[in-house]
J.: 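If you scroll down you'll find the structure; I have some questions about it.
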2 protein chains.
Amino acid sequence: MLRLSKRVEYGLVALQHLARRGGVSTVREMSDDNGISYDLLAKIMQDLKRDGMICSHQGVRGGYTLILAPQEITLTRVVNALEKENSITSCTSAGEGCTREPDCSIKDSMHILQGTMEQALNSVTLAKLL
Amino acid sequence: MLRLSKRVEYGLVALQHLARRGGVSTVREMSDDNGISYDLLAKIMQDLKRDGMICSHQGVRGGYTLILAPQEITLTRVVNALEKENSITSCTSAGEGCTREPDCSIKDSMHILQGTMEQALNSVTLAKLL
DNA sequence: ATAATATAGGACTTTTGGAGTCCGACTTCG
DNA sequence: CGAAGTCGGACTCCAAAAGTCCTATATTAT
Ligand code: SF4
Ligand code: SF4
């Protein structure tokens, strides 16, 4: 359906929250403020941390902190951190491939489109949604 | 997952087939030539016809014919004809909407991104894959 | 030390949409 | 009439998204 997953939407909202407030925020705080499921957002934050754009502090008074400049955080990066696949078709994916690939008459155009799409996603940065 | 549906891929292949050969082609011919399920492609062709970019001829020696110039057929149009929803989020959809919309802090950016995406899809026309 | 608060992460269910199949009806030409 | 085609509903199957639950672990405050 060519749609962004809710994970990405929630991830963006959370990153926006971190960027606006600065410092440390807990998942509970972010989920309550934005009406997002706590458990779901907790997983998302873990994935974002795994990427390296935020860092975590466990224990009392812990939480998450933004460690990259908002200009550095592109939508492409968020999508890659939160979704396993990003490609417009299976042949434009790194580890997927398509059986029809050898004699597919549209795959060249799909590769071009893939580039265009990534360019579109790259044009959106966290800085632009503050 | 931000991926084009197989329906769109097959639709493009079929349209390409029509444009390259010209005149009338049957679903059987197109599905066999490109290794696509007959039943599936049959449904796709019906949807493309409903859109108006091709016309159909029933009965013996029937089939489908392209009635628009390849330059006129954009990927946006194909996607709209073959998928129910095209929007990047539910709030950027015409008949869908989102409960969180009133106080969503990213929806403006999503609307902008929606425009960028459609621009990307518009840049691909049938003429470019001949 | 202990209790409270927070992330870490595995396992699970439910929901949704894509993909593909099947079959009967209708239309047209020879 | 009968063959070759489109038309279109209903259906199954499967994978991914969405959401839930529960336990472990780390850190801080008292
Ligand atoms: S090779 Fe062709 S059919 Fe296979 S994924 Fe790429 S575009 Fe689609
Ligand atoms: S309003 Fe916000 S949460 Fe709802 S669909 Fe749009 S972007 Fe997503």
Side-chain angles (χ1 to χ4, degrees), chain A residues 1-11 13-14 18 23-32 34-51 54-65 67 79 82-90 93 96 98-100, chain B residues 1-11 13-14 18 23-32 34-51 54-65 67 79 82-90 93 96 98-100:
Chain A
M1 201 177 24
L2 205 49
R3 173 160 301 190
L4 248 40
S5 66
K6 288 290 179 190
R7 283 173 61 83
V8 169
E9 281 190 32
Y10 298 159
V13 169
L18 289 177
V24 180
S25 297
T26 67
V27 172
R28 176 63 62 190
E29 183 188 335
M30 292 185 287
S31 66
D32 284 356
N34 298 290
I36 301 173
S37 153
Y38 171 81
D39 287 302
L40 189 49
L41 185 56
K43 292 291 175 54
I44 293 171
M45 297 313 287
Q46 286 175 24
D47 287 341
L48 290 178
K49 184 218 166 179
R50 212 163 278 128
D51 172 272
I54 60 177
C55 66
S56 65
H57 309 281
Q58 280 188 321
V60 174
R61 292 188 53 79
Y64 289 96
T65 318
I67 56 176
V79 168
L82 297 180
E83 293 181 356
K84 297 204 170 173
E85 276 299 332
N86 184 12
S87 50
I88 217 74
T89 58
S90 29
S93 161
E96 209 167 341
C98 170
T99 55
R100 306 163 36 82
Chain B
M1 202 178 23
L2 204 52
R3 173 159 302 189
L4 246 42
S5 66
K6 287 290 180 189
R7 283 173 60 82
V8 170
E9 282 191 33
Y10 298 160
V13 168
L18 288 178
V24 179
S25 296
T26 67
V27 172
R28 177 61 64 188
E29 182 187 334
M30 293 186 286
S31 66
D32 284 356
N34 298 291
I36 302 173
S37 152
Y38 170 81
D39 287 302
L40 189 49
L41 186 57
K43 292 291 175 54
I44 293 171
M45 298 312 287
Q46 285 176 23
D47 287 342
L48 290 178
K49 183 218 166 177
R50 212 164 278 126
D51 171 274
I54 60 177
C55 65
S56 65
H57 308 281
Q58 280 188 321
V60 176
R61 293 189 54 79
Y64 289 97
T65 318
I67 55 176
V79 169
L82 296 181
E83 293 180 356
K84 296 204 172 175
E85 276 302 331
N86 183 13
S87 49
I88 218 74
T89 59
S90 28
S93 160
E96 208 168 342
C98 169
T99 56
R100 307 163 33 83

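Quick note on labels: first sequence line is chain A, next is B, and so on, each numbered from 1. This one's a predicted model, so the numbers in the text were calculated from it and none came from an experiment.
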J.: Restricting to non-hydrogen atoms, name the atom on A:E83 and the atom on A:L4 that form the minimum distance, rounded to 0.1 Å.
T.: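 Smallest heavy-atom distance, with atoms named: OE2-C, 4.4 Å.
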
J.: Mind checking if A:R50 touches a base, just sugar-phosphate, or nothing, with heavy atoms under 4.0 Å?
T.: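 Sugar-phosphate contact only.
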
J.: From CD1 of B:I44 over to C1' of D:dC7, roughly how many Å is that when rounded to an integer?
T.: 15 Å

J.: Considering just the side-chain nitrogens and oxygens of B:Y38, establish if one lies under 4.0 Å of OP1 or OP2 belonging to C:dC23.
T.: no

J.: Please state whether the phosphate of C:dG20, meaning OP1 or OP2, lies under 4.0 angstrom from any side-chain nitrogen or oxygen of B:Y10.
T.: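 So the side chain of B:Y10 is within the cut-off, an N or O lying under 4.0 Å from OP1 or OP2 of C:dG20.
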
J.: For A:E29 versus A:T26, what's the shortest heavy-atom pair and its separation?
T.: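 Closest approach of A:E29 to A:T26, heavy atoms only: N-OG1, 3.1 Å.
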
J.: Could you pick out which residue, B:G59 or B:L40, lies toward the 5' side of DNA chain C when each is mapped onto its nearest nucleotide?
T.: B:L40

J.: Do A:M45 and A:M30 have side-chain heavy atoms sitting under 4.5 Å apart?
T.: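 Yes, side chains in contact.
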
J.: Can you measure B:M30 atom CE to D:dG5 atom P for me and round it to whole angstrom units?
T.: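 B:M30 atom CE is separated from D:dG5 atom P by 12 Å.
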
J.: Starting the side chain at C-beta, find the nucleotide from D:dT6, C:dG18, C:dT21 nearest to B:S56.
T.: D:dT6

J.: Indicate whether OP1 or OP2 belonging to C:dT21 is found under 4.0 Å from a side-chain N or O atom of B:S37.
T.: yes

J.: Protein-nucleotides 10-14 of chain D N/O pairs closer than 3.5 Å?
T.:
from   : atom 1 : to    : atom 2 : distance (Å)
D:dA10 : N6     : B:K43 : NZ     : 3.1

J.: If you assign each of A:V60 and A:V8 to its closest nucleotide in DNA chain D, which residue comes earlier from the 5' end?
T.: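 Between the two, 5'-proximity favours A:V8.
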
J.: Under a 3.5 Å distance rule, please check whether A:E85 uses its side chain to pair with a backbone N or O of A:S93 as donor and acceptor.
T.: no

J.: With sequence neighbours excluded, tell me which residues meet salt bridge (charged side-chain N to carboxylate O under 4.0 Å, His left out) with B:R61.
T.: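 Testing B:R61 for salt bridge (charged side-chain N to carboxylate O under 4.0 Å, His left out), a comparison that skips the adjacent residues, returns none.
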
J.: A:E96 has an atom CD; how far is it from atom C1' of D:dA15, in whole Å?
T.: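 From A:E96 CD to D:dA15 C1': 12 Å.
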
J.: Do you know which two heavy atoms are closest between B:R7 and B:L82, and how far apart they sit?
T.: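 The pair with the smallest heavy-atom distance is NE-O, 3.1 Å.
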
J.: Heavy atoms only: give me the nearest B:R3-A:S87 pair and the separation to one decimal.
T.: NH2-OG, 2.5 Å

J.: In whole Å, what is the span from the CG atom of B:L2 to the P atom of D:dA17?
T.: 11 Å

J.: What does A:M1 touch in the nucleic acid at a heavy-atom separation under 4.0 angstrom: a base, only the sugar-phosphate, or nothing?
T.: sugar-phosphate

J.: By nearest nucleotide on DNA chain C, pick out whichever of B:D39 and B:H57 is the more 5' one.
T.: B:D39

J.: Could you tell me the separation between the CD atom of B:E85 and the P atom of C:dG18, rounded to a whole number of Å?
T.: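 After rounding, the reported distance stands at 10 Å.
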
J.: Measure the distance from OH on B:Y64 to C1' on C:dT27 and round it to the nearest whole Å.
T.: 12 Å

J.: Please report the distance, rounded to the nearest Å, between CE in B:M45 and C1' in D:dG8.
T.: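 That distance rounds to 16 Å.
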
J.: May I have the distance from B:Q46 (atom CD) to C:dA25 (atom P), rounded to whole angstrom?
T.: 16 Å

J.: For A:G35, is there any backbone N or O sitting under 3.5 Å from a side-chain donor or acceptor partner on B:R100?
T.: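 At least one qualifying donor-acceptor pair exists.
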
J.: Return no unless some side-chain N or O of B:T26 is found under 4.0 Å from OP1 or OP2 of D:dA4.
T.: no

J.: Please state whether the base of C:dT28 and the side chain of B:Q58 form at least one donor-acceptor pair under 3.5 Å?
T.: no

J.: Using the side-chain heavy atoms of B:R7, tell me which of these nucleotides is nearest: D:dC7, D:dT27, C:dA19.
T.: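 Closest nucleotide to the B:R7 side chain: C:dA19.
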
